[in-house]
Novice: 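So that we are looking at the same thing, I have put the structure below in structure tokens.
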Amino acid sequence: MSVICTNCGTENKDGAKFCVSCGSGLSGRGAAQGGAFRGGAAPAGYQNTASANPGAVYAVPDQDRDQVMGLGAWLLVFLLMIIPIVNIICLIVWAVSGKTNRNKQNMARAAIIWMVIGIVLAMLLGAVVTPFIMDAVSNAVAVNAGLSTEELQQLTEAMEQLQNMDLSQEQLEEMGLTPEQIEELEEGM
């Protein structure tokens, strides 16, 4: 004769002290022998033969959602997580679906939170670090070209003005450019 948990309705082996599904104690008040339940309503598929607590309603847990995921299931989850775009879609579906295993659902929610934190940190660090990197690159170019920092600044301003076409022919000549260099610059634009 099997022992049935009166808390969740799971059938357990004879002599079991705790329910394999919900963990409730099966000895004494948490067990019903041979399909008997203490409450008035038995879970679906079970018949109540004992009525110690008439009118009690037993909720059958969603066993697919509460079941512990095995190694193979987790290997599949992590395989999907290494595929670009598919991983984001899966995480969103798993996080919001009401039918997803609770373990997978919580993992998906945590992963989405960490992704958002990572994106925000990357944007903040990018905004802070980029000017320093650009300055370092400019200084390295100046050193390699044998220019001082002031000369590099002047050259940068001249290039910006050239891009805006704010310089006249005379201004270019005042900067020390030869007519041939000026023609090359104009052809390059």
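Position 1 is the first residue of the sequence, and the numbers go up from there.
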Novice: Anything under 3.5 Å between a donor and an acceptor, one on a side chain of residues 70-92, the other on a protein residue two or more places apart or in another chain? List them.
Specialist:
unit_1	atom_1	unit_2	atom_2	d
Asn87	OD1	Ile85	N	3.3
Asn87	ND2	Met81	O	3.1

Novice: What's in the same ILVMFWY side-chain cluster as Val20, cut-off under 4.5 Å, chained through other members?
Specialist: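 Reading the cluster by chain and number, Val20 sits alone, since nothing else belongs.
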Novice: Does the side chain of Cys19 come within less than 4.5 Å of Cys8's, by heavy atoms?
Specialist: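 Answer yes - side chains close enough.
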Novice: Which distance, rounded to the nearest 0.5 Å, do you find between the OG of Ser21 and the CG of Asp66?
Specialist: 7.0 Å
Novice: Could you give all pairs that pass the side-chain hydrogen bond (donor to acceptor under 3.5 Å, both in side chains) test and reach residues 88-98, with sequence neighbours left out?
Specialist: Ser97-Thr100
Novice: Taking only residues at least two apart or on different chains, which pairs with a member in residues 104-127 satisfy side-chain hydrogen bond (donor to acceptor under 3.5 Å, both in side chains)?
Specialist: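 Sorted result for residues 104-127: Arg65-Gln105.
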Novice: With sequence neighbours left out, what residues match Ile133 under side-chain contact (heavy atoms from CB on, under 4.5 Å)?
Specialist: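 Residues passing side-chain contact (heavy atoms from CB on, under 4.5 Å) with Ile133: Val129, Val137.
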Novice: How about Leu26 and Asn12: do any of their side-chain heavy atoms sit closer than 4.5 Å?
Specialist: yes
Novice: Keeping the roles fixed (side chain from Asn101, backbone from Gln67), state whether a donor-acceptor pair exists under 3.5 Å.
Specialist: yes
Novice: Measure the CE-CD1 distance between Met115 and Ile113 for me, rounded to the nearest 0.5 Å.
Specialist: 12.0 Å
Novice: Provide the closest heavy-atom pair for Pro131 versus Gly126 in the form atom of the first, atom of the second, distance.
Specialist: CD-O, 4.5 Å
Novice: Side-chain heavy atoms under 4.5 Å apart, restricted to Ile/Leu/Val/Met/Phe/Trp/Tyr: what other residues fall into the cluster of Met134, or is it alone?
Specialist: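 Hydrophobic cluster check, Met134: no partners found.
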Novice: What heavy-atom pair brings Ala95 and Ala108 nearest, and what distance separates the two atoms?
Specialist: N-CB, 3.8 Å
